Amino acid sequence: MLAAWQTFFLLVPVVSTTFASLPTLLAGLSREDLGWLLVDEAGQAQPQQAAGAIWRCRRAVIVGDPLQLEPVSTLPTSLAEAIRRRYGVGREYVSPEASVQRLADAVTPWGGLRGEDDLWVGVPMNVHRRCESPVFDLVNAIAYGGRMVNATMPREPHPALRVPTCWLDVPPGTLAGEGHWNPDEGARLDALLEHLGRSGYDFREVFAVSPFREVATHLRRRADDHRHRGMTGGTIHTIQGREADTVILVLGSAPGQAAARRWASMKPNLLNVAASRARQRLYVIGDHDAWIGLPHFRELAGLRRVAPPWARR
């Protein structure tokens, strides 16, 4: 098997795959049989997903951001904790926050501190080349303690983006919603999309996302509409690792759902991912008063709170 892989690599030097396929793909290979392993989005990967691949390679380059989306585990925390205690495994390997990136950072001697908790990050990339200001400034404040440097070259925005990054306020309405979905926020979103469509905007450059699945369902329906051909709609998780000129963050939640808002704002990760996908414009749609006092969302307090003519119901 090793000879087959070595021959294959003479023709195809790099193979891309997923962690789910690795056990089958690398079956028959032993310790350090391969040269290099490159892991992207390592902040989302659980340590056990990468263990076999790392064991089979002589060197590993782990790339990710622990301040963006964390691993999603289907194992109940109580069960994971019981297994950890039974086998004497350190909490850093099985906690909900445990990731390939965090473990790699922990053994990297060169690095720096990031975030409000001074999280150790190995070889941090502090030069940013995606978001223009003020989106960059928001991201820098939300998650990185102002330590990043912006090297993004500004571009002339599309005429449809004449309204700068802002908060489109939707006070509590009287219409009954579905779960976290607020029909008034939907009406504000529809007005914004209609404005972009009339202006000939390329909807492939639009991400409409939310922290909540019920809201994401409505966003996907709008993305499937032929009038918004190419738009991406869904949860914030759907746009991790991607980018677009415009991100529309539909916050959702009803006045009585304070616990849901606390969950969404508990860490900077969700808001950081949503904002940092936007190259030029970030539009936040939601109840300003309900969200702006929460952790990390306070950093959005400087956004203009507007209701332009095309965004009114």
Side-chain angles (χ1 to χ4, degrees), residues 68 130-143 157 160-173 177 180-196 201 205-212 214-216 218-219 222 231-239 243-255 257-258 260-308 310-313:
Q68 296 203 13
R130 180 188 300 125
C131 308
E132 300 178 13
S133 291
V135 179
F136 164 80
D137 304 304
L138 293 173
V139 171
N140 206 9
I142 289 168
L161 303 180
R162 64 180 183 272
V163 177
T165 290
C166 62
W167 188 304
L168 301 178
D169 189 20
V170 182
H180 297 296
W181 172 248
N182 183 335
D184 289 336
E185 294 182 14
R188 185 61 56 85
L189 171 65
D190 290 337
L192 175 55
L193 296 178
E194 183 181 346
H195 160 74
L196 294 176
Y201 195 67
E205 291 295 338
V206 178
F207 293 160
V209 296
S210 174
F212 305 113
E214 295 96 334
V215 180
H218 290 268
L219 301 182
R222 284 158 173 78
M231 184 177 86
T232 296
T235 62
I236 294 173
H237 287 75
T238 62
I239 60 170
E243 58 186 74
D245 283 350
T246 302
V247 171
I248 305 171
L249 176 59
V250 184
L251 293 174
S253 81
Q257 296 172 333
R261 290 189 289 274
R262 285 195 298 270
W263 167 81
S265 62
M266 188 182 307
K267 295 181 179 181
N269 302 56
L270 280 176
L271 182 57
N272 180 30
V273 172
S276 64
R277 303 303 99 194
R279 289 190 291 255
Q280 291 190 304
R281 294 289 187 269
L282 171 66
Y283 297 122
V284 182
I285 299 178
D287 184 350
H288 185 276
D289 292 340
W291 285 89
I292 202 63
L294 295 172
H296 314 297
F297 281 84
R298 298 189 187 101
E299 307 298 344
L300 304 182
L303 283 184
R304 286 203 308 154
R305 188 176 170 185
V306 299
W310 46 262
R312 293 179 187 147
R313 289 191 61 197

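All of these numbers come straight from a predicted model, not from anything done at the bench.
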query = Among all residues two or more places apart in sequence or in another chain, which pass the salt bridge (charged side-chain N to carboxylate O under 4.0 Å, His left out) test with D287?
reply = none
query = Between L249 and L271, is any pair of side-chain heavy atoms under 4.5 Å apart?
reply = yes
Nearest heavy atoms of D184 and N182, plus distance in Å = N-OD1, 2.8 Å
inquiry  = I'd like to know if the side chain of R188 reaches the main chain of D169, judged simply by a donor and an acceptor atom lying under 3.5 Å from each other, with no hydrogens or angles considered.
reply    = yes
key: Interatomic spacing from CD in E194 to CG in L189 - rounded to 0.5 Å   = 11.5 Å
message = Any non-hydrogen side-chain atom of V135 less than 4.5 Å from a side-chain atom of V247?
response = no
ask   = In Å and rounded to the nearest 0.5 Å, what is the CH2 to NE2 distance from W181 to H218?
value = 5.5 Å
message = Suppose we screen for side chain to side chain contact (heavy atoms under 4.5 Å, CB included). Which residues come up paired with A258, at least two apart in sequence or across chains?
response = R261, R262
request  = Would you check, one step at a time, whether the test side-chain contact (heavy atoms from CB on, under 4.5 Å) holds for M266 with H296?
outcome  = CA-CA 8 Å; M266 188 182 307; H296 314 297; over 6 Å; no
Heavy-atom donor-acceptor pair, E185 side chain to G252 backbone, under 3.5 Å = yes
Residue pair H237 / L270, side-chain heavy-atom distance below 4.5 Å = yes
query = Of all residues at least two apart in sequence or in a different chain, which pass the side chain to side chain contact (heavy atoms under 4.5 Å, CB included) check with A141?
reply = E299
remark   = Across all chains, not counting sequence neighbours, the side chain to side chain contact (heavy atoms under 4.5 Å, CB included) partners of E214 are H180, F212
Heavy-atom side-chain proximity of L193 to M231 below 4.5 angstrom = yes
inquiry  = Could you work out, with side chain to side chain contact (heavy atoms under 4.5 Å, CB included) as the rule, every residue matching S265, not counting sequence neighbours?
reply    = L294, P295, F297
query = If only atom types and distance count, is the side chain of R222 paired as donor or acceptor with the main-chain N or O of D190 below 3.5 Å?
reply = no
request  = Could you pull out all residues at least two apart from R279 that satisfy side chain to side chain donor-acceptor pair (under 3.5 Å)?
outcome  = E205, E243, D245
Set of residues satisfying side chain to side chain donor-acceptor pair (under 3.5 Å) with respect to R281, sequence neighbours excluded = none
query = Between atom CZ of R277 and atom SG of C131, what is the distance when rounded to the nearest 0.5 Å?
reply = 7.5 Å
message = With heavy-atom distances below 4.5 Å as the criterion, would you say the side chains of L300 and W291 are in contact?
response = no
Gap separating the CD1 atom of I248 from the OG atom of S210, nearest 0.5 angstrom = 12.5 Å
inquiry  = Rounded to the nearest 0.5 Å, what separates atom CH2 in W167 from atom CG in L282?
reply    = 9.5 Å
key: Sequence-distant partners of T238, side chain to side chain donor-acceptor pair (under 3.5 Å), two or more places apart   = none
message = Main chain of A160, side chain of H195: is a donor-acceptor contact present, judged purely on distance under 3.5 Å?
response = yes
key: Interatomic spacing from CG in L192 to CG in L168 - rounded to 0.5 Å   = 6.5 Å
ask   = Taking C-beta and beyond as the side chain, do Y283 and L161 meet within less than 4.5 Å on heavy atoms?
value = yes
request  = List the atom of A274, the atom of I239, and the distance in Å for their closest heavy-atom pair.
outcome  = CA-CD1, 4.4 Å
task = Sequence neighbours left out, what passes side chain to side chain donor-acceptor pair (under 3.5 Å) with T246? Give chain and number order.
result = Y201
